[in-house]
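Right, one structure below, let's go through it.
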Amino acid sequence: MQPDYKAIGKRVQNRRNAQKISQAELAKKISVTSPHISNIERGKTKVSLPTLMEIARALNTTLDDLVCDSLPEAKDVILGDFSDTLRSCSNQELGIISDVTKALLQSMRTRKSTEREQAYPKQGESE
């Protein structure tokens, strides 16, 4: 079973962009080349664990944040943890958590859709 290197690369890219760091700056911080960072972000290379650790350090994040969803069984682990947490909740708390979760998902999906539309405008539309 292989990690999803494209998903890992996308997370690296998102964290780097959020911190307004260029690929060249990140490459310099971890002593690799800019093309290597580009290949990592596009999932074109199998990033090594030591390099991924350096990237996480340079971006002030954790390995878990970069690889968590990249492993197929991660969803099962997360769902199990979430289920354990919910078991300790009262009915009222469960209702509130359910409402908040639904609103959060709706907001995330709307934002994702809007970002996608901005990134790929329909022909004839200007940005």
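Heavy-atom basis, side chains included; hydrogens, waters and symmetry copies ignored. Here the structure is a predicted model, which is why all the values come from computation and not from measurement.
Contact check for Leu59 versus Asp65: no side-chain heavy atoms found under the 4.5 Å cut-off. The closest side-chain heavy-atom distance from Thr51 to Ile40 is below 4.5 Å. Within the 4.5 Å cutoff, the side chain of Val12 has no heavy atoms near those of the Val47 side chain. Under the 4.5 Å side-chain criterion, counting only non-hydrogen atoms from C-beta, Asp4 is not in contact with Val67. Side-chain contact between Glu93 and Ile96 is absent, with no heavy-atom pair separated by less than 4.5 Å.
Of the possible donor and acceptor atoms, none in the side chain of Ser83 sits under 3.5 Å from a partner among the backbone N and O of Leu79.
Applying the side chain to side chain donor-acceptor pair (under 3.5 Å) test to residues at least two apart or on different chains, none of the pairs has a partner in residues 95-104. Evaluation of the side chain to side chain donor-acceptor pair (under 3.5 Å) test over residues 33-44, restricted to residues two or more places apart or in two chains, returns Arg16-Glu41, Gln23-Glu41, Ser38-Arg42, Asn39-Arg42.
When all heavy atoms are compared, the tightest approach of Thr62 to Ala56 is C-CB, 4.0 Å. Of all non-hydrogen atoms in Arg11 and Leu66, the two that sit nearest each other are NH1-O, 3.2 Å.
Taking 4.0 Å as the cut-off between side-chain N and carboxylate O, Glu25 and Lys28 do not count as a salt-bridged pair.
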(message) side-chain contact (heavy atoms from CB on, under 4.5 Å), that's the test. Do Ile97 and Thr85 meet it? Break it down for me.
(response) CA-CA 11 Å; Ile97 291 169; Thr85 301; over 6 Å; no
